[in-house]
Amino acid sequence: MATNENLPPNVIKQLAKELKNLDESPPEGIKVGVNDDDFSIIYADIEGPAGTPYENGVFRMKLLLSHDFPHSPPKGYFLTRIFHPNIASNGEICVNTLKKDWNPSLGLRHVLTVVRCLLIEPFPESALNEQAGKMLLENYEEYARHARIYTGIHAKPKPKFKSGAISESTTALNVDQSNTSVLNNGDQKNAAVSAAVPLQSPLAPCTMASKGRNSQDQLAAVGPMHETEVSGSAAAPTTSTLKKDVGLSKVQAVKKKMDARKKSLKRL
């Protein structure tokens, strides 16, 4: 279960909403996954766009969210090696959306879409990989050849993210948040309930309110039933009492038959 102790409640709430939306309606060519231990790390598998040197490749990246997200942009890194002008050898991504053009109203969907578009249209003017940027400007065919080689070697299909994992995680996250709010108000609610409802004696019999128990549990809690007089009538006998009565009747019948046989033998 996700702990996310380093993220404030308002960030967790917005993040859970965005992740659920991405899971139900993923962007084209992008599949999102989460780190169950830390929701500030978002993973995504990006399919190489058709018609580019990255076609048929699957590139895994991650977004690192800061404590004051969305006021500060996330940091993006490619975990899959790629030959691209705007992606450094350590995987760092250089794109204006994650830097000077960031706006708190932009969500994760927009960021992921921009990164995939970067594979379609690189910007060699702001290159982190100078070799790729220079090659793109001077000899596109050579650049494309290098990019295809990297794609064929490193960008093989990754193990797919577990289906429904985001929904499960966001549900658990929302439950955690609900439980936190309940705990914060628990003392006040308990005090109000204690004042309004008298405490029941531990010796009191079970009532119909205990719907979670089956009939056998209720009988066990009340104790064995005995024949007692209520308003001049006898209480209904229990199953064990009926069995005892039937057993006694059989014993008495057998005894009568034995006595009759003994009397017949004496006469003879």
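- Proximity of K62 to I42: side-chain heavy atoms (C-beta onward) are nowhere separated by under 4.5 Å.
- Atom CD in E92 sits 11.5 Å away from atom CG in N86 (nearest 0.5 Å).
- For the atom pair R148 CZ and N56 CG, the distance stands at 11.5 Å (nearest 0.5 Å).
- At least one donor-acceptor pair closer than 3.5 Å links the side chain of T151 to the backbone N or O of A147.
- Between R60 and D45, at least one side-chain nitrogen of the basic residue sits less than 4.0 Å from a carboxylate oxygen of the acidic one, meeting the salt-bridge criterion.
- Within the 4.5 Å cutoff, the side chain of L137 has no heavy atoms near those of the M135 side chain.
- Residues L98 and K75 fail the side-chain proximity criterion, which asks for heavy atoms closer than 4.5 Å.
- When each of Y54, F123, Y143 is tested with H84 by the rule ring-ring contact (aromatic ring centres under 6.0 Å, His included), just one qualifies, namely Y54.
- Following chains of ILVMFWY side-chain contacts shorter than 4.5 Å, one cannot reach L128 starting from I82, and the two form parts of different hydrophobic clusters.
- Side chain to side chain, D68 and S72 meet the donor-acceptor criterion of an N or O pair below 3.5 Å.
- Here OG of S40 is found 8.5 Å from CG of L15. Values are rounded to the nearest 0.5 Å.
- In terms of heavy atoms, A44 sits closest to I30 at CB-CG2, 4.2 Å.
- Atom CD of E130 sits about 11.0 Å away from atom OG of S89, to the nearest 0.5 Å.
- A 4.5 Å side-chain heavy-atom check between L112 and V32 finds at least one atom pair inside the cut-off.
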Notebook entry, point to check: So L19 and L108, side chain to side chain contact (heavy atoms under 4.5 Å, CB included) or not? Walk me through it.
Noted result: CA-CA 8 Å; L19 289 173; L108 297 177; 4.3 Å; yes

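- Closest approach of R116 to E28, counting heavy atoms only: CD-O, 3.5 Å.
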Next item on the list: Evaluate the criterion side chain to side chain contact (heavy atoms under 4.5 Å, CB included) for residue pair V34 and Y43; output intermediate values, then yes/no.
Entry: CA-CA 6 Å; V34 296; Y43 293 98; over 6 Å; no

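- Side-chain atoms of L136 and P122, non-hydrogen and from C-beta on, do get closer than 4.5 Å to each other.
- Clustering ILVMFWY residues whenever any of their side-chain heavy atoms sit less than 4.5 angstrom apart, transitively, puts Y140 in the very cluster that holds L119.
- In this structure, Y77 is a member of the same hydrophobic cluster as I41, with clusters built from ILVMFWY side-chain heavy atoms closer than 4.5 Å.
- In this structure the side chain of P73 never reaches within 4.5 angstrom of the side chain of K99, judged on heavy atoms.
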Check: Can F83 and I149 be said to form a side chain to side chain contact (heavy atoms under 4.5 Å, CB included), step by step?
Finding: CA-CA 9 Å; F83 189 77; I149 291 175; over 6 Å; no

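- The shortest heavy-atom contact between I153 and K156 is O-CE, 3.7 Å.
- When side chains are defined from C-beta on, T80 does not count as touching V58, because their heavy atoms never get closer than 4.5 Å.
- A donor-acceptor contact shorter than 3.5 Å links the side chain of N129 to the backbone of A132.
- If you take SG on C117 and CD1 on I46, they are separated by 10.0 Å, rounding to the nearest 0.5 Å.
- Between Y150 and R81 there is a side-chain heavy-atom pair separated by less than 4.5 Å.
- Between S25 atom OG and R109 atom CZ the span is 4.5 Å, to the nearest 0.5 Å.
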Next item on the list: Apply the test side chain to side chain contact (heavy atoms under 4.5 Å, CB included) to residues R145 and N139: give CA-CA distance (whole Å), side-chain angles for both, the deciding distance (0.1 Å), then the verdict.
Entry: CA-CA 10 Å; R145 187 177 72 83; N139 189 342; over 6 Å; no

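- With hydrogens and angles disregarded, a donor-acceptor distance shorter than 3.5 Å links the side chain of W102 to the backbone of P70.
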